[in-house]
Amino acid sequence: LQVNHIIVCGHTDCGGIRALATGIDAGREPHIAEWLAQVRPIWEATGTEELTPDARHLEVVRRSALQQRENLHSYPVVAAALEAGVLELHAWLLDLQNGELQAYDDGSQGWTALQ
């Protein structure tokens, strides 16, 4: 890879994740439909009872970024670089409303604003 960091960055108001609620024409948008198939389990596992639609959307965006970061472990070159200690994986979130960039902190298991 010859890189020291990989950043998976999700963003608020994601049209793809909004399409989970409204549906998508898989014939017209096959690549988006394929990506949504990977995110759908996250959408379904994120409860609707206790969250507003906007809060659910944000939570799905966050969980999706974390899941995609985790999926990178399945690539042998990434796993080898992680094992060698020469690569770090990050999950970030860009808030399109205010421009704030947040990073997931594995220690606290929470999202914090980057300065």
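Keep in mind that the numbers below use all heavy atoms, side chains included, and drop hydrogens, waters and symmetry copies.
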| query | Taking all non-hydrogen atoms of both residues, which atom of L36 and which atom of A19 are closest, and how far apart? | reply | CD1-CB, 3.9 Å
| said: Quick check: is L114 connected to Y104 through a chain of hydrophobic side chains (ILVMFWY, heavy atoms under 4.5 Å apart)? | reply: no
| Partners passing ring pair (Phe, Tyr, Trp, His ring centres under 6.0 Å) against H5 (at least two apart in sequence or in another chain) | H90
| field | Sub-4.5 Å side-chain heavy-atom contact between T12 and L58 | value | yes
| task | Provide the closest heavy-atom pair for G10 versus A65 in the form atom of the first, atom of the second, distance. | result | N-CB, 4.3 Å
| remark: Between S64 and I42, the two heavy atoms sitting closest are CA-CD1, 3.7 Å
| Co-membership, hydrophobic cluster, residues V77 and L82, 4.5 Å side-chain | yes
| task | Identify whether NZ of Lys or CZ of Arg in R69 sits under 6.0 Å from the centre of the six-membered ring of W92 and within 45° of that ring's axis. | result | no
| query | Looking at V78 and I6, what are the two nearest heavy atoms and their distance? | reply | CG2-CD1, 4.4 Å
| Going by heavy atoms in the side chains, are V60 and C14 under 4.5 Å from each other? | no
| Spatial distance of atom CZ (R63) from atom CZ (R56) [nearest 0.5 Å] | 10.0 Å
| task | State, to 0.1 Å, how close H11 and V61 come at their nearest heavy-atom pair, and which atoms those are. | result | O-CG1, 3.5 Å
| request: Could you grab the distance from atom CD of Q67 to atom CD of Q38, nearest 0.5 Å is fine? | output: 9.0 Å
| remark: In this structure, CG of L93 is separated from OG1 of T112 (nearest 0.5 Å) by 11.0 Å
| query | Are I7 and V3 connected, step by step, through hydrophobic side chains (Ile, Leu, Val, Met, Phe, Trp, Tyr) whose heavy atoms are closer than 4.5 Å? | reply | no
| Distance in Å, E59 CD paired with T52 OG1, rounded so as to fall on 0.5 Å steps | 11.0 Å
| message | Any non-hydrogen side-chain atom of V8 less than 4.5 Å from a side-chain atom of L89? | response | no
| field | 4.5 Å side-chain heavy-atom contact, L66 and W111 | value | yes
| request: Find the distance between CG (L94) and CG (D13) and round it off to the nearest 0.5 Å. | output: 11.5 Å
| request: For residues G27 and P30, report the shortest heavy-atom separation together with the two atoms involved. | output: O-CD, 3.9 Å
| said: Between Q102 and D95, is there a side-chain heavy-atom distance shorter than 4.5 Å? | reply: no
